[in-house]
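Each chain gets a letter, A, B and so on, in the order its sequence line appears, and its residues count up from 1.
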Protein chains: 2
Amino acid sequence: MAQSPPPARPGQEGAATPRRRPTLRDVAEAAGVAAKTVSRVVNGEAGVGAATTERVRRVIAELGYRPNSSARTLRQGRAATIGLVCDDVSEPFQSALTRAVEEVAIRHECMLLVASSLHDRERERTSVQALLARQVDGLIVTPVAGSQAYLGADIAAGTPVVFADRPAVGAEADTVLVDNVEGARRGVRHLLEQGHRRIGFVGDAPHLYTQDERVEGYRAALRDAGVPEDDRLISRQVPESGAVRATVESMLSAPEPATALFTGNALCTYAVLRALRDAGPPPALVAFDDFPLAELLHPAVTVVAQDPVGMGRTAAEILFRRIAGDTSADQVVRLRTRLIPRGSGERAPAEG
Amino acid sequence: MAQSPPPARPGQEGAATPRRRPTLRDVAEAAGVAAKTVSRVVNGEAGVGAATTERVRRVIAELGYRPNSSARTLRQGRAATIGLVCDDVSEPFQSALTRAVEEVAIRHECMLLVASSLHDRERERTSVQALLARQVDGLIVTPVAGSQAYLGADIAAGTPVVFADRPAVGAEADTVLVDNVEGARRGVRHLLEQGHRRIGFVGDAPHLYTQDERVEGYRAALRDAGVPEDDRLISRQVPESGAVRATVESMLSAPEPATALFTGNALCTYAVLRALRDAGPPPALVAFDDFPLAELLHPAVTVVAQDPVGMGRTAAEILFRRIAGDTSADQVVRLRTRLIPRGSGERAPAEG
DNA sequence: TTGAAAGCGCTAACAC
DNA sequence: GTGTTAGCGCTTTCAA
């Protein structure tokens, strides 16, 4: 396909003969120097005379030469590319993270290959394999539930990997997490401070690491305050609107009803907000994870904000340090959260 | 770097000697066949005996062989990778588009390289060059204002390119757009139908293609209804909250005040909602581009919804058709919008 | 059905 | 300062 040039497309001016892209050799010949010299010029290596450099530059411009990075990758083993596997790039938290990673990558003259695992083990694995096959210099992965043991050989072989948002199972590498326990604890304490004693936790599916941690924080806050736990006030389910609506209604209409809710992530928050929209007097609400327009709702929603940009940046910076040869011991970074009071979390419990 | 194996990282079990990744040749030797035979097995080519196939498969598994796609790319010229250059991956519309492109790419066993131009010409250009250097099979670009003439040579040379969301200048290729004029016209007509005659347009920066089109639709709707245009009711500025607030206030407090607003994109909508939050009786509002939680605001926001997923899918499908060799004439696809009435756009004008 | 040879475009290693 | 040689890992081409 590279040899036999692709057929001309109609409607292109001067589409006469789509020519083979000029190679480094073509430049060398045209400039009357050796290939290696052109290579030096292209890569800004020292040891080329000013006049030669100038001449080579001109020829490069004339021919419109652009280096073939596949060849370079093959030779050097580094693709000037890193890979990112997350749950779903279209999700706000992760797209912000992606953007932050991209920014750091650019600073290191790298590009970014992205893949969404959609929480599917097989897809994660396939994506990682495809990325490794492309000789990426390093990998940032938000591990799905399951095991990342399949990555062990590559990590041992020296491919830098950083896990983000959730720790891996069966593989050891640098990891950047949110301090979920402390964040949830802080958020729930905030509700307790307003006088709430019956606080419902509306979380995402069971076996999700972040949710486990946030429930733990929720429990810790109750314990700290000497408030008894009640499992009927803890819900863990995939946040489809229907199911959450039923949960919320039952929590609010129980004999000892919840007077406040704490949500486990943005999807749960959305579902709860939808459920509360048409309901009676709304309970207090603190949401884990900030979201757009939170401050425009009535009342504005108090949140425990995470920092997706900070997570992306941190993960990428660690990754590039490893790529640069840092061999210090693996580290686990926990990013702090920030409580942003906006109104919904500052309501006192309704009079019983 | 490929030759001298990277130093072992501590804390890895069995990190004794990070070994060179096995190559196709290693597999061939171990299996006692020729390299080409292994290549055939790996690529599922016909013409290998069942027994041989079986043996090669086993050796591949034993050695943990994974093909080096740089080498393959170098040989074949195709990287099994496409590139996407958008304004900003972290923006909801574009992250949804990215996700849709990714999905189509996966179906074609391709990966996705992403880059954000941030509306910067130089960055767009650099990104495109970096993508082309990586031998991407094709490119989807949301062109920034300026010129894409620099892409002409590569398009002519046969690299498939699809422009998305905005047309390119100085380069011809397939293009997928939203029918902005018709969408805006429809949205404004909706307001006119509620009896509004003074409708403010709050749009993003001048010289943005989509905004130009949406203003055109706005004007067309007014003309259709025989309502005189008034330039004081048209605002085009980067939607920082401060500036938009001033604009909105002046539109609403003018001698002949606006009784309804139409926003030009999501950022403008956010700014307007913020501005309206603390203001007096809110005007009617129709927003171009849907956004999360639009239905949870009070009142819920009526929007002219675009279809980012449809745009990403369409652009990617066209791209892969081109990659597969389709040489038919370039096409321009315009995706339809959908008016979603939710409340804010169905208010009648306040009694003057 | 299988294999040998050549080379994709580049750079590492070493001459000069 | 500059050039020569070899080869990264794969696939293409052609031969057996």
Side-chain angles (χ1 to χ4, degrees), chain A residues 1-5 19-57 59-60 63-80 132-135 137 157, chain B residues 1-6 19-56 59-60 63-81 132-135 137:
Chain A
M1 196 171 196
Q3 352 281 78
S4 58
R19 271 215 302 284
R20 181 178 62 79
R21 270 168 52 171
T23 73
L24 186 142
R25 238 222 263 303
D26 297 331
V27 176
E29 258 168 46
V33 297
K36 178 69 219 189
T37 301
V38 179
S39 173
R40 287 197 178 98
V41 172
V42 169
N43 295 296
E45 281 172 45
V48 184
T52 316
T53 303
E54 175 55 25
R55 187 151 34 101
V56 170
R57 285 249 166 76
V59 174
I60 286 177
L63 299 186
Y65 166 74
R66 233 178 308 103
N68 179 326
S69 67
S70 310
R72 161 184 249 174
T73 300
L74 176 58
R75 193 61 252 232
Q76 306 197 129
R78 323 179 325 100
L132 291 171
R134 282 168 177 74
Q135 316 298 115
D137 304 346
Chain B
M1 194 169 199
Q3 351 282 82
S4 58
R19 270 217 300 285
R20 183 175 62 77
R21 271 169 51 171
T23 73
L24 185 141
R25 238 223 265 301
D26 297 331
V27 175
E29 258 167 47
V33 296
K36 177 70 221 188
T37 301
V38 179
S39 173
R40 285 196 179 100
V41 172
V42 168
N43 295 297
E45 281 172 43
V48 184
T52 315
T53 303
E54 176 54 27
R55 187 152 35 98
V56 170
V59 174
I60 286 176
L63 299 186
Y65 167 73
R66 234 177 307 103
N68 178 325
S69 67
S70 309
R72 162 184 254 176
T73 299
L74 176 58
R75 195 64 251 230
Q76 305 195 133
R78 321 177 331 97
T81 300
L132 290 172
R134 281 168 178 73
Q135 317 297 115
D137 304 347

Considering only heavy atoms and no angle criterion, is a donor-acceptor pair shorter than 3.5 Å present between the side chain of Arg40(A) and the base of dG1(D)? no
Are Thr37(A) and dG3(D) close enough that a side-chain N or O sits under 4.0 Å from OP1 or OP2? yes
Closest listed nucleotide, where the reference is the side chain of Arg75(A) and the choices are dC10(D), dT12(D), dG9(C): dG9(C)
Side chain to side chain contact (heavy atoms under 4.5 Å, CB included) between Thr23(B) and Asn68(B), worked out: CA-CA 8 Å; Thr23(B) 73; Asn68(B) 178 325; over 6 Å; no
Does the side chain of Thr52(A) get closer than 4.0 angstrom to OP1 or OP2 of dT2(D) through an N or O atom? yes
May I ask you to decide if Ser69(B)'s main-chain N or O and Thr73(B)'s side chain share a donor-acceptor pair within less than 3.5 Å? yes
Roughly how many Å is it from CZ in Arg25(A) to P in dT11(C), rounded to a whole number? 13 Å
Of all the nucleotides listed (dA6(D), dT11(D), dT2(C)), which has the minimum atom distance to the side chain of Ser39(B)? dT11(D)
Measure from CD on Glu45(B) to P on dG3(C) and round the result to the nearest Å. 14 Å
Calculate the interatomic distance between Leu24(A) atom CG and dT2(D) atom C1'; express it in whole Å. 14 Å
Testing dT4(D), dA4(C), dT11(D) for proximity to the side chain of Ala34(A), the answer is dT4(D)
Within this structure, what is the CZ-to-C1' distance between Arg78(B) and dC10(D), rounded to whole angstrom? 14 Å
Quickly work out the Asn68(A) CG to dG9(D) P distance and round it to whole Å. 17 Å
Are the side chain of Arg134(A) and the backbone N or O of Ala79(A) linked by a donor-acceptor pair below 3.5 Å? no
Whole-Å distance separating the CG atom of Leu74(B) from the C1' atom of dG7(D): 12 Å
Between dC10(C), dC14(D), dT12(D), which nucleotide has the shortest distance from any of its atoms to the side chain of Gln76(B)? dT12(D)
Candidate nucleotides dT4(D), dG9(D), dT11(D), ranked by approach to the side chain of Lys36(A) - the nearest: dT4(D)
Does a distance-only test, which skips hydrogens and angles, find a donor-acceptor pair under 3.5 Å between the side chain of Arg21(B) and the base of dG9(D)? no
Using a 4.0 Å heavy-atom cut-off across all strands, classify Gly49(B) as base, sugar-phosphate, or nothing. sugar-phosphate
Nearest listed nucleotide, side chain of Tyr65(A), among dC10(D), dC10(C), dT2(D): dC10(C)
Quick check on DNA chain C: between Gly32(B) and Ala71(B), whose nearest nucleotide comes earlier from the 5' end? Gly32(B)
Side chain to side chain contact (heavy atoms under 4.5 Å, CB included) assessment of Leu63(A) paired with Val27(A): CA-CA 7 Å; Leu63(A) 299 186; Val27(A) 176; 4.2 Å; yes
Stepwise, does the side chain to side chain contact (heavy atoms under 4.5 Å, CB included) test hold for Arg66(B) with Leu132(A)? CA-CA 8 Å; Arg66(B) 234 177 307 103; Leu132(A) 291 171; 3.2 Å; yes
